[in-house]
Structure formats: C-alpha cells, structure tokens
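What follows is a short report on a single structure.
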2 protein chains.
Amino acid sequence: MSSKEYILQTAVTLFSKQGFSGMSMRDLAKSVNMSTSAVYHHFPNKQALYLDAVHFAFAKQASAFDEVWQAELAADEKLSRFVSCLVRVLSTDVDFRRLMQRELLDADDGRMQLLAKEVFQEQFCHLMAVIEQLSESRQVHFSALSVIALVCDIIQMQPLSRHLPGWQAEHEQLDFIAEHVLNLLMNGIKSKG
Amino acid sequence: MSSKEYILQTAVTLFSKQGFSGMSMRDLAKSVNMSTSAVYHHFPNKQALYLDAVHFAFAKQASAFDEVWQAELAADEKLSRFVSCLVRVLSTDVDFRRLMQRELLDADDGRMQLLAKEVFQEQFCHLMAVIEQLSESRQVHFSALSVIALVCDIIQMQPLSRHLPGWQAEHEQLDFIAEHVLNLLMNGIKSKG
DNA sequence: CAATACCTACCTAACGTTCGTTCGGTATTA
DNA sequence: TAATACCGAACGAACGTTAGGTAGGTATTG
C-alpha cells in the first residue's frame, strides 16, 4: 500500500472516531509515523484530505452489493440478500458506517448530493425495483428508504440498546438482525418471529 | 429566562450543529452577547457545559409522550399515537435529534447508560408493553427498537433522500411519514399504502 | 560514462491563529 | 458589605499551515 493510501486509510478511521474538527493533522501524522508536513505533501489541506478520505471509504463498499441483485433470483430472495448484505457491511466496517452517519449530520447539500449519487443511488434503484415487485404500494421510494433506515439505525443504536430492558446478546448477531428485519419488512410487527 | 438557561439553550443549538470540538467557547459567548469569562462564571468548563446542555435538551422532551400512553386506548391506537408523536418531536426539535445522533456517535458507555435511563427507558417500556399486546413475537425488545430506529433514521436521512430517485415533497410531511411508518409496522412492505 | 538537473518523499522548525481557561477588576444588588 | 454577574486582558497549549532543507532515485546531456 502506498503512503498516500495508508494516510487515507488511517484518516478514515480517525475522522470516523473523532469527527472533522476533533482530529488534528498532528494526530494523523503521528498515527502514520510521519511528520505533519509529509501529510501536506500528499494533500493540500485538511478539508481536501477529509473529502478524499470520505471518497476512499465509500469506494471500498461500492462492490459489496454486486452479488445481491442477480437476475435469476426471486424478488423476496433479493430483498433478503440485500438486507443481509447491508447488515454485514454496516456491522463489519464500523469506520464506513460512522463516517456516513457523520456525513448525514455535517454535510452540506452539495456533499449530500454526492453521497446520494456515488454511494446510494445504484443500490437504491435496485431496491426500489425489488420492492415494486413485492408490493402494491405506490410509495416505493419511501419503502426503500425505510428498509435502509431500519437497518442503519438498529446497528447505530446497539450501544444504547444494551442498556434498555429486554436486551439479549443474540440481538447483536448479524444473522439475527437480518432475519428479524426481513421478517418485520415482510409481515409487520404482528408476526410470530 | 435566566442567563444560565439562555447559555444552555444556545449551547444546545451550537453543539448540535457543530459537535463538541467544533464549537468554541468564544463562539458561544458571542452568540449570547457575553464575554467568554462570563460563560465560565456559570459553568466550570466546556465538558461540564456540554453535559449540562445534553441534559437540558433531553429534559425538555421528557413530557412530550405523556398523553400517548393513556390506559383506555387500544394497543394499535397507542402505537399510532406514539409513532406520530415521535415523528413530530424529531422533526420539530432539530437540535434535540442532532444532539442525540451525535451522542450515539461520540458518547462513551457511561453516557450511553445515562441516555438509556433518562431519555429512552420509560418510553421504551411503554412501547414494549404495547407491542406485546399486538404481536406474538418473543422479541419484543427488538421490535420496539425497530420502531424507534425506523422513525429516527427516516428523518435523519431526509436531506439525503431528497437526491434519490422517486422523491416527492410530500414524503417530508409529518402526517405522511407517521402514516407510512405505522402502515409498514402493521402490515410490512407488501401493503397497499 | 560522468556530470547535471530535476523530481519525489520526506524532515525540522517555525509562522500566526485560535483554543480552553484564568486572573484581577468593576458595577449592581440584596 | 458581601455576594452575584459580568468585563478585558492575558496565559500556555494546540491548531492548520508553510518555509526551507535533505536524501535518494531518475532522466538528460556533454
């Protein structure tokens, strides 16, 4: 891995943990065992480094969903695979998830547009197509949004959920989350799950 | 309103917009038309001010759900009212929502515990009780979590959702969100909504 | 072939600014 | 007169950033 990639990788972790203004260029330099000015040799300033880091983190996940939308699968099987995949990605790559959450809080409209186009749009279209097959609803956009929102926030709320009554350790297992989410999506909360 | 309350109120807004390290004590002092040292007359340091501000923001919402859990209502009516109320609170009090999202990203386990006990626990128990009446599922905790997660993240993702295909302006109206979420919870995505 | 120029990838040291915080003083009020 | 609520000025530390220099590789040229 090149120096530049190594800096980016490290920056992703630090930004995701401490946010933009919480991470200092000196911290980053120390983490990659370089001088501060060496970092400035690769990136013009902190802002540009941050944007590059966000790009870098998001690009790594672009292909994670490639195997989900295979044509020969039934619609409900596609949905099931997507949910499983989303749960896995968001649980495994913590930096990616946290960076995304921070972008949702901090990004301006331009960055939001980029986030939509580069990270979400493709998967979102696939997801809408599947939902259209499964549902008679006219609000496909909203349903697709609901699927993503449900998974994202369940995972984000895990450290909180641990301190709420009725919590069990199995609630944090990837398969359990995926199965429950899918069950909720297909049948609502009334189901026997 | 006292000076202290005014500082707290302003701090809530600034912290929610810029995060802990993004907001400076000088910014805050300027926003409340005081000197920096005047702020330090009311709060010992930035950390304590932040914790007070979080408390302050959360305390304001404690009573928002009081009218939801009235005993003489049917379970599905209670759930409906809770969803509507949650959508209203999170959409209306933007500072509260953003501060909560930031706490989910930044808080350590102790603060997470506090957040659970002081903000969520009471509503969460009520919600679990209602779900237990509605559902045959054994995973009441997880279902309750799903309800909250769904609403939170749908609202959080609104600025992103605007740039995804199929978006319509009505998707951001409070009644529409509440109705769609409730419909999803009761019937899954298959329903006609 | 050897001397030259140039580039990349780093370094140390420092610039000016902003940060959280404190000190000493001053009105106002009870 | 003693407490409360403020102020301006300053402290040292940390911040983003830049200047100037060096070591090593590579290409150019006499």
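All chains are named by letter (A, B, ...) in the order of the sequence lines, taking the proteins before the strands, and each is independently numbered beginning at 1.
Cluster partners of Leu105(B) are Leu105(A), counting Ile, Leu, Val, Met, Phe, Trp and Tyr whose side-chain heavy atoms approach within less than 4.5 Å, directly or via other members.
Extent of DNA chain D lying under 4.0 Å from chain B heavy atoms, first and last nucleotide in 5' to 3' order, is dA5(D) to dA10(D).
Counting non-hydrogen atoms of other residues, nucleotides and ligands closer than 6.0 Å to CD of Gln61(B) gives a total above 12. For Glu179(A), the CD atom counts as loosely surrounded, since its 6.0 Å shell holds 12 or fewer non-hydrogen atoms of other residues, nucleotides or ligands. Enclosure of atom CD in Glu67(A) is not indicated, since only 12 or fewer non-hydrogen atoms of other residues, nucleotides or ligands lie within 6.0 angstrom. For Asp27(A), the CG atom is densely surrounded, since the number of other residues' heavy atoms within 6.0 Å is greater than 12. Within 6.0 Å of the NZ atom in Lys30(A), the count of heavy atoms belonging to other residues, nucleotides or ligands does not exceed 12. In this structure, Asn45(A) places its CG atom where more than 12 heavy-atom neighbours from other residues, nucleotides or ligands lie under 6.0 Å away.
Side-chain atoms of His171(B) come within 3.5 Å of backbone atoms of Gln168(B) as a donor-acceptor pair (strictly under, hydrogens ignored).
Closest heavy-atom contact between Ala75(B) and Val130(B): O-CG1, 3.3 Å. Closest heavy-atom contact between Met128(B) and Ala144(B): CG-CB, 3.7 Å.
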Only distances under 3.5 Å count here; give the side-chain donor-acceptor pairs of residues 76-86 of chain B to other protein atoms, sequence neighbours excluded, each with its distance to 0.1 Å.
unit_1	atom_1	unit_2	atom_2	d
Glu77(B)	OE2	Arg81(B)	NE	3.0
Ser84(B)	OG	Ser80(B)	O	3.1

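Listed by residue number, Tyr40(A), Asn45(A), Lys46(A) are the residues of residues 39-52 of chain A with a heavy-atom contact under 4.0 Å to DNA chain D. Contacts with DNA chain D (heavy atom under 4.0 Å) in residues 17-33 of chain A: Met23(A), Ser24(A), Met25(A), Arg26(A), listed by number.
With values rounded to the nearest 0.5 angstrom, Leu104(B) atom CG is found 11.5 Å from Gln158(A) atom CD.
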Distances under 3.5 Å only, N/O to N/O: pair up the protein atoms with those of nucleotides 24-30 of chain C.
none

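Residue contacts shown for Thr36(A) include a base, since a base heavy atom lies under 4.0 Å away.
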